[in-house]
Amino acid sequence: MSDPVMLITGASRGIGAATARAAAADGYRLALLARSAESLSPLVDELGADTALALPCDITSWPDLSAAVQRVEDRFGRLDAAFANAGMSVPTSFLGNGGAGPEQWREMILTNVYGAAITARAALPALVRTQGHLLLTGSNAGRGIRPGNLYSATKWAVTALAQNIRAECVGTGVRVTLIQPGMVETDMTAATRDVPKLRPEDIANAVRYALGQPPGVDVNELTIRPTGQHPER
Ligand SMILES: NC(=O)c1ccc[n+]([C@@H]2O[C@H](COP(=O)([O-])OP(=O)(O)OC[C@H]3O[C@@H](n4cnc5c(N)ncnc54)[C@H](OP(=O)(O)O)[C@@H]3O)[C@@H](O)[C@H]2O)c1
């Protein structure tokens with residue numbers, strides 16, 4: 001069999017880029033998605049053009065995303081894993097006590113919920129053909145209550161997405177894993193200081209663990225939090 005192929009959204013930095021490096025070390029060929037070619041080109045240069053393909057794509061656009069998956073199959077001939085990882089966060093308050101204005105809420109919902117859902121929709125027909133693996137980045141915030149926090153609600157939606165997709169995939173051989181990080185040191189959390197954080201590589205290792213199981217083992221959910229993280233974070 002030729003080397004397996006993995007598509008990663010949000011691959012230009014943070015958790016997605018760390019996962020791309022780990023997957024390349026494990027022998028995957030990679031389709032790397034983010035909104036601009038410029039943001040992806042350093043990682044493609046690092047991994048090599050034979051291993052990594054940059055696919056500039058806004059994951060909130062169905063035409064862009066479905067065309068990107070088609071390009072992966074055209075270039076590599078197969079798709080074995082897709083990591084729906086891209087996401088964003090803005091602070092919110094339903095009482096209006098600061099945070100981003102409601103017009104900025106739309107992009108977060110579209111990216112975190114619609115983007116993850118249509119990534120699954122675009123990738124799953126190809127994953128069914130290979131009996132492949134869909135992974136989604138939810139969050140520890142998608143399991144608990146955070147006062148006024150719409151980001152948390154979008155990640156609750158990702159938790160439900162993973163469960164509902166897995167239920168529909170029964171009988172296809174496709175595995176579905178929800179990765180739920182606690183606080184990770186990336187651009188997204190740069191403003192949050194003096195709290196314990198994981199490294200992006202720690203989440204890449206969780207992805208690696210799920211991918212590395214035998215075909216009959218479907219790791220449904222992995223929650224990875226830094227030691228000592230506050231229970232409400
Ligand atoms: N960091 C944490 O503590 C933490 C904890 C739990 C869960 N998470 C989740 O982990 C995932 C990755 O976050 P991160 O911490 O690695 O953040 P990050 O460093 O800010 O990276 C976010 C990635 O998503 C991409 N992206 C954002 N919007 C996009 C869009 N519309 N279309 C395509 N790509 C888009 C960005 O690429 P471009 O800007 O180059 O397009 C970038 O590659 C997110 O789903 C986040 O919610 C993070």
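Counting starts at 1 for both ligands and their atoms, in listed order.
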Query - Close approach of S89 to ligand 1, heavy atoms, under 4.0 angstrom - result: no

Query raised in the report: Hey, is A141 touching ligand 1 through its side chain, its backbone, both or neither, going by heavy atoms under 4.0 Å?
Result: neither

Query raised in the report: To the nearest 0.1 Å, how far is atom 22 (C) of ligand 1 from its closest protein heavy atom, and which atom is that?
Result: G87 O, 3.8 Å

Query raised in the report: Can you tell me which residue and heavy atom of the protein come closest to atom 27 (C) of ligand 1, and the distance to 0.1 Å?
Result: R35 NH2, 3.4 Å

Query raised in the report: Considering only heavy atoms of A86, which atoms of ligand 1 have at least one such atom less than 4.0 Å away?
Result: 24 (O), 25 (C), 26 (N), 34 (N), 35 (C), 45 (O)

Query raised in the report: What's the shortest distance from atom 18 (P) of ligand 1 to any protein heavy atom, and which residue and atom give it?
Result: R13 NE, 3.6 Å

**Report entry** Sub-4.0 Å heavy-atom contact, K155 with ligand 1
**Finding:** yes

Query raised in the report: Roughly how far apart are T172 OG1 and Q131 CD, rounded to 0.5 Å?
Result: 7.5 Å

**Report entry** Minimum-distance pair of heavy atoms, taken over all atoms of L150 and T92
**Finding:** N-OG1, 2.9 Å

Query raised in the report: Taking heavy atoms and a distance under 4.0 Å, where does E185 meet ligand 1: side chain, backbone, both or neither?
Result: neither

Report summary line: Near T189 (heavy-atom distance under 4.0 Å), the atoms of ligand 1 are 1 (N), 2 (C), 3 (O)

Report task. Return a yes/no value for S39: is any of its N or O atoms, backbone included, closer than 3.5 angstrom to an N or O of ligand 1? Result -> yes

Report summary line: Per-atom filter on ligand 1: closer than 4.0 angstrom to a heavy atom of A11 are 43 (O)

Report task. Would you mind listing which atoms of ligand 1 come within a distance below 4.0 Å of any non-hydrogen atom of G14? Result -> 16 (O), 19 (O)

Query - Partner residues of F94 under the ring-ring contact (aromatic ring centres under 6.0 Å, His included) criterion, sequence neighbours left out - result: W105

**Report entry** Sub-4.0 Å atoms of ligand 1 with respect to non-hydrogen atoms of T137
**Finding:** 9 (C), 10 (O), 11 (C)

Report task. Give the numbers and elements of all ligand 1 atoms closer than 4.0 Å to a heavy atom of I15. Result -> 10 (O), 16 (O), 48 (C)

Query raised in the report: Which ligand 1 atoms are under 4.0 Å away from a heavy-atom of C57?
Result: 32 (N), 33 (C)

Query raised in the report: Applying a 4.0 Å heavy-atom criterion (strictly less than), which segment of P200 is in contact with ligand 1: side chain, backbone, both, or neither?
Result: neither

Report summary line: Ranked by distance from atom 31 (N) of ligand 1, the top protein heavy atom is D58 OD1, 3.0 Å

Report summary line: protein heavy-atom neighbour closest to atom 43 (O) of ligand 1 works out as S12 OG, 2.7 Å

Report task. May I have the step-by-step check of side chain to side chain donor-acceptor pair (under 3.5 Å) for S39 and S36, ending in yes or no? Result -> CA-CA 5 Å; S39 69; S36 75; 3.2 Å; yes

Query raised in the report: N/O of A34 under 3.5 Å from N/O of ligand 1, yes or no?
Result: no

Query raised in the report: ligand 1 versus T111, non-hydrogen atoms closer than 4.0 Å: side chain, backbone, both, neither?
Result: side chain

Report summary line: One finds that the ligand 1 atoms under 4.0 Å from a non-hydrogen atom of G138 are 7 (C)

Query raised in the report: Which protein heavy atom lies closest to atom 13 (O) of ligand 1, and at what distance to 0.1 Å?
Result: M188 CE, 3.8 Å

Query - N/O separation below 3.5 Å, G10 to ligand 1 - result: yes

Query raised in the report: Under 6.0 Å from the CD atom of E201, do we count more than 12 heavy atoms belonging to anything else shown?
Result: yes

Query raised in the report: Is the shortest N/O to N/O distance between S139 and ligand 1 below 3.5 Å?
Result: no

Query raised in the report: In the protein, which heavy atom is nearest to atom 47 (O) of ligand 1, and how far is it?
Result: Y151 OH, 2.6 Å

Requested in this report: Kindly give the heavy-atom pair with the smallest separation between A206 and I224, and that separation in Å.
Outcome: CB-CD1, 3.6 Å

Query raised in the report: Salt bridge between D74 and R71, side-chain N to carboxylate O under 4.0 Å?
Result: no

**Report entry** Backbone or side-chain N or O of V184 under 3.5 Å from ligand 1 N or O
**Finding:** yes

Report summary line: So CG of N140 and CD1 of I179: to nearest 0.5 Å the spacing works out to 13.0 Å

Report summary line: Closest to atom 6 (C) of ligand 1 (heavy atoms only, candidates A190, P181, P226, S61) is P181

Query raised in the report: Taking distance alone, with no angle check, do T186 and ligand 1 share an N/O pair under 3.5 Å?
Result: yes

Requested in this report: Check the hydrophobic clustering (I, L, V, M, F, W, Y; side-chain heavy atoms under 4.5 Å; chains of links allowed) and say if I15 and L47 are grouped together.
Outcome: yes

Report task. Looking only at distances, please establish whether an N/O atom of ligand 1 is found under 3.5 Å from an N/O atom of I59. Result -> yes

Query raised in the report: In terms of residue, atom name and distance, what is the protein heavy atom nearest to atom 4 (C) of ligand 1?
Result: G182 O, 4.0 Å

Query - Inter-residue atom distance L65.CG - T60.OG1, 0.5 Å rounding - result: 9.0 Å

Query raised in the report: Which part of N85 is near ligand 1, with near meaning a heavy atom under 4.0 Å away: side chain, backbone, both or neither?
Result: both

